[in-house]
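All remarks here apply to the structure that follows.
In what follows, every chain begins at residue 1, and chains take the letters A, B, ... in the order their sequences are listed.
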Amino acid sequence: MNAGLAQVCGALIARDALIALRRRADVLTTFFFFVIVVSLFPLGVGPEPERLREIAPGVVWVAALLASMLALGRLFAADFADGTLEQMALAPQPLSVLVLTKVAAHWLTTGLPLVVISPVLGLQFGLAGDALLVLVWSLLIGTPVLSLIGSVGAALTLGVRGGGALTALLVLPLYIPGLIFGAGAVGAVQAGLGVAGHLSMLGAILLLALATTPWATAAAVRIALE
Amino acid sequence: MNAGLAQVCGALIARDALIALRRRADVLTTFFFFVIVVSLFPLGVGPEPERLREIAPGVVWVAALLASMLALGRLFAADFADGTLEQMALAPQPLSVLVLTKVAAHWLTTGLPLVVISPVLGLQFGLAGDALLVLVWSLLIGTPVLSLIGSVGAALTLGVRGGGALTALLVLPLYIPGLIFGAGAVGAVQAGLGVAGHLSMLGAILLLALATTPWATAAAVRIALE
Amino acid sequence: MSIWKYSSPQVFYPIAGSMVPWFAGAAAMLTVLGLYVGFFVAPTDFQQGEAYRIIFIHVPAAWMSMFIYLVMAFWAGVGLAFNTRLSSMMAHALAPTGALMTFIALWTGALWGRPTWGTYWVWDARLTSELILLFLYIGYMSLAAAIDDPRRADKASAVLALVGVVNIPIIYFSVQWWNTLHQGASVSLTRAPSMATTMLTGMLIMVFAFWMYSIAVSLVRLRHIILERERNAAWVTEIRAG
Amino acid sequence: MLEAIALCCTRGERSLFADLSFGLPQGIALRVRGENGSGKTSLLRILAGLAPAAGGEVRWKGALLCDLGEDYLSQIVFIGHANALKDDLSAVENLRYGLALSGIAVAEAACRAALAEDGLGRIADLPVQWLSQGQKRRTALTRLAFCRSRPLWILDEPFSALDGSAVSRLAERLQRHLGDGGMVVFTTHQEVPLGFVTQGLELQ
Amino acid sequence: MLEAIALCCTRGERSLFADLSFGLPQGIALRVRGENGSGKTSLLRILAGLAPAAGGEVRWKGALLCDLGEDYLSQIVFIGHANALKDDLSAVENLRYGLALSGIAVAEAACRAALAEDGLGRIADLPVQWLSQGQKRRTALTRLAFCRSRPLWILDEPFSALDGSAVSRLAERLQRHLGDGGMVVFTTHQEVPLGFVTQGLELQ
Ligand code: HEM
Ligand SMILES: Nc1ncnc2c1ncn2[C@@H]1O[C@H](COP(=O)(O)OP(=O)(O)OP(=O)(O)O)[C@@H](O)[C@H]1O
Ligand SMILES: Nc1ncnc2c1ncn2[C@@H]1O[C@H](COP(=O)(O)OP(=O)(O)OP(=O)(O)O)[C@@H](O)[C@H]1O
Ligand SMILES: [Mg+2]
Ligand SMILES: [Mg+2]
């Protein structure tokens, strides 16, 4: 009757997926938020195709950054408010693993959709085929980094009023390296330079985040529950 | 012993101001969020001064939009969760006025700071003196519009999990006219054209919002409480 | 025990008090000396004229801004690991000074940029990463301020500080990274070699001056924090009384 | 004074109660009984005008609630499951602004005194988020001390989380209110010693 | 089995209790008493290992909690003021995933049966957000039906919001658990008819 770690993590993902399904609106909104923010820029900046193409990588990446940051509000806050997080901390499994699982589930419902839609948005800004490809790759490697780093901020601001904005303040600076290499990769391919360097740096960052953030997040959660 | 409408509104503002004071971090974070988002773009877009100057109005305005949208989370959500909103609806004063008061308090703590800092950010993007002035004016007229429109969205998404993102989805489209005329004004002065047209349009939007949104918000609040 | 005994606020409070004057004095003297060397001994720069003298403020501030962050993170980490109140207080005491240093580096840099680059601000990697550092300091302080319960504030902000350490190498190496992205040449690096020895000595003196200053100010702030945190402890009330 | 006529309440497909009628004269307390989920909270929210009834009508002094609007609201006090306290404000501030919100201006000193009277003196200045469950509930209930001029009190599970002494203090307060010709509609699952007779209303 | 030795708990500047010691042998229920804010919830959270004590130590079978870590967690059940229910999931789903989270895999049918047994059969498939206060609490408590293999139950105000029949059903469940050699630490302000003797612990 006692379940192993794998089973528990499975249940956790299943549960979060089910909630996301019930709250389809949620998932969709992160998604539409991304789309809208990207679409706002031509309105603010003006329609010159040349200029748009130049700013495209930056705009898409910044929008992805903001979208996944907005979604952080749903990562722990609700579980914290209704006591589920307490139960997670009491689970006879290592909290860092459970946290990592939650982040994974979160990425599946918030990060992945952005990656999927990004080519369409890239087209809006007149990106060429190879640039589009690089954009997708950079986001595919980059968005998990955003979720992982974000989880630390989200956990740190649990139960702290103004969480949303405070989280933003905490995590946005830490997002910047990801942004630089992600947008940089696309910019490089537009400029006809190689992108391997940028993408591998992104990959390195991802590994670093995977190795470190779960512990930090778990620690932050425990602190919040004390 | 029974207090008049003015007194009640006074108390309401005083209370929100006090909370904002307790949560200084809160107010500051919206502010820093604005600063950070604006600072993110050059990283994504690249440092060419010329290009930056061109996109400056759009970027600053979009950032202001997102910042005040993020802050919406604090407009009603907490009051709803802890039952204060229930008590507001039960107050023997017209709810629309109370709501308007709350929005005013909210703007003072979130909108105004953005207006104040905007010139500095403009400088970072190398805006000229007159452009800076117009930027400030456009934000001064524009941010209240954002708060007013936002209040409707915030009220509509009360009690909906992931409200944050959903609010974003609801209000961002409504923000667009403000964005167009606001950023447009700055763009115009950069292009050496007159700005009176844009600004007066913004003013008109503000009046319209003032006249209509409080009722809509009040209605939305009542619905959320049913 | 021997070392641990210093980790008690009560023991450390007077020690800190007795240390402050020395560091303050050293800071004052070194500053005078450094500024003298900087403004009267060091020769006028053949490229930039007098403007370059900002370097005597700018570089020390920039270095301290990074160094202080590391120290702050270290103490925060110790506080988190061993639950020693004093080290957390130390971290909190350091943060504002670090932020100040960062701000000075940005400010002087910007002022310096005007004559040399013809603009106050360029989105050069170093400038940007320094700006991030400022945001990190602010984030650290806001988080600590946003949590009412001091013990929780200590721990939470400590976690943040440790995570933020990642940014320090980023600051240092961002120059190279950026160059691989855009060709925005970083003035800071290109100028470094062409530095007269007198400049260098003056600069180093100023670095030590800033160092001493930071220690002195942090200790003063630390004493305030101790009093604030321990205000109901018997020994504090005694101090208040007499 | 308060009359409910043929009230119906449906939630989703389920009808909680149908054509429920009762009248509440001055000086009487109405205790709504019923097992979990029988519709007590729903009924109280209808009486407070927070939620519309699926059918039937509620009258106050003969007039319909919907017609009275704010005149009715200035006659009642409603305290629900939620405490309506701001975590960041102290008990005193919460009490003060809470009252101001419902149109009752009180000096801080008065609030402090009232809290002290309810045994919350020493925690009056702590942020509410630090208070215990019961302390929060008691802070929320203290507002009643300033609402004696409002005839109708609607209280949902007022005794929950209260310790013995707090329960009896609240019971006394209700009794006094009834003595002054007030009315109370409340629910509770606990068998609390009330010093007054209550008219019962059973929902199933 | 469970021993608390010279426990201290301070909140802010205030010390809630100091040098509190007790032992809890098998088959015994410990009822923590004390007025509002006396530190019951704080104590329970310390016993569950959620919060560190300011001083003293808690031992389980002679070993320190901090050393036991997850081995201890797999021996206890903690149900606090909060219900740990997801508004969007039905009672069944909540029960199932809640148990899975604490390492107990149960089939859906079993969950449904358990809920029905606790009189929640007809609302088992409603989203929890629609349930009444008491129904939510009862859903949260139903998990106990599957935790009989865990010796130590820590329950904070388990009876709050429960109607009469639910209270007695819970009391029986606790009694059965004690009979099986389990242990229960709980708090309540209500005078509920418990079918078993409790060892009292008074906090002031
Ligand atoms: C806001 C603008 C600026 C910022 C944020 C900034 C930041 C920094 C930082 C963080 C350092 C220390 C890191 C290191 O030594 O590698 C530094 C060093 C330095 N900066 Fe700046 N800087 C700015 C503008 C300038 C300008 C305009 C100049 C000169 C034209 C300049 C010249 C230098 C020099 C010469 C060094 C010493 C480099 C070395 O020897 O290591 N900086 N700056
Ligand atoms: N959408 C819905 N569909 C079906 N039933 C619903 C729906 N929404 C609410 N209900 C039911 O309506 C009832 C709400 O009752 P209410 O909260 O008034 O109960 P209560 O008498 O206050 O109970 P308690 O004593 O637990 O507070 C619950 O039984 C709930 O299951
Ligand atoms: N930072 C703080 N400063 C001072 N007192 C605090 C602080 N945080 C909590 N407290 C006090 O600690 C106590 C918390 O007690 P706890 O929640 O354990 O009470 P309880 O016995 O569960 O009460 P209840 O019966 O109401 O649930 C409260 O009296 C509260 O006022
Ligand atoms: Mg109810
Ligand atoms: Mg309690």
Quick one: what part of D:S90 sits under 4.5 Å from any heavy atom of chain B, side chain, backbone, both or neither?
backbone

If we ignore hydrogens and angles and just use 3.5 Å, is the side chain of B:Q87 paired with the main-chain N or O of D:F78 as donor and acceptor?
yes

D:Q75 versus chain B, heavy atoms under 4.5 Å apart: side chain, backbone, both or neither?
neither

Residue, of B:P94, B:A89, B:C9, that accumulates the most heavy atom pairs under 4.5 Å with chain D:
B:P94

Tell me, do B:R15 and D:R96 make a side-chain contact under 4.5 Å, heavy atoms counted?
no

With a 4.5 angstrom heavy-atom cut-off, is it the side chain or the backbone of B:L12 that approaches chain D, or both, or neither?
side chain

Just give me the residue among D:L50, D:I46, D:N83 that pairs up with chain B most often, heavy atom to heavy atom, under 4.5 Å.
D:L50

Is the count of non-hydrogen atoms from other residues, nucleotides or ligands lying under 6.0 Å from B:W215 atom CH2 greater than 12?
no

Is any side-chain heavy atom of B:T84 less than 4.5 Å from a side-chain heavy atom of D:L101?
yes

Heavy-atom pairs under 4.5 Å with chain B - which of D:A84, D:P127, D:G98 has more of them than the others?
D:A84

List the atom of D:E70, the atom of B:A91, and the distance in Å for their closest heavy-atom pair.
CG-O, 4.5 Å

Can you confirm whether B:W107 is buried at CH2, in the sense that more than 12 heavy atoms of other residues, nucleotides or ligands lie under 6.0 Å from that atom?
yes

Can you check whether D:L73 reaches B:Q93 side chain to side chain, under 4.5 Å on heavy atoms?
no

Distance col, row B:L225:CG vs D:R45:CZ, nearest 0.5 angstrom, shows 6.5 Å

So do D:R150 and B:P92 actually touch side chain to side chain, heavy atoms under 4.5 Å?
yes

Would you compute the distance between atom CG of B:L90 and atom CD1 of D:I76 and round it to the nearest 0.5 angstrom?
5.5 Å

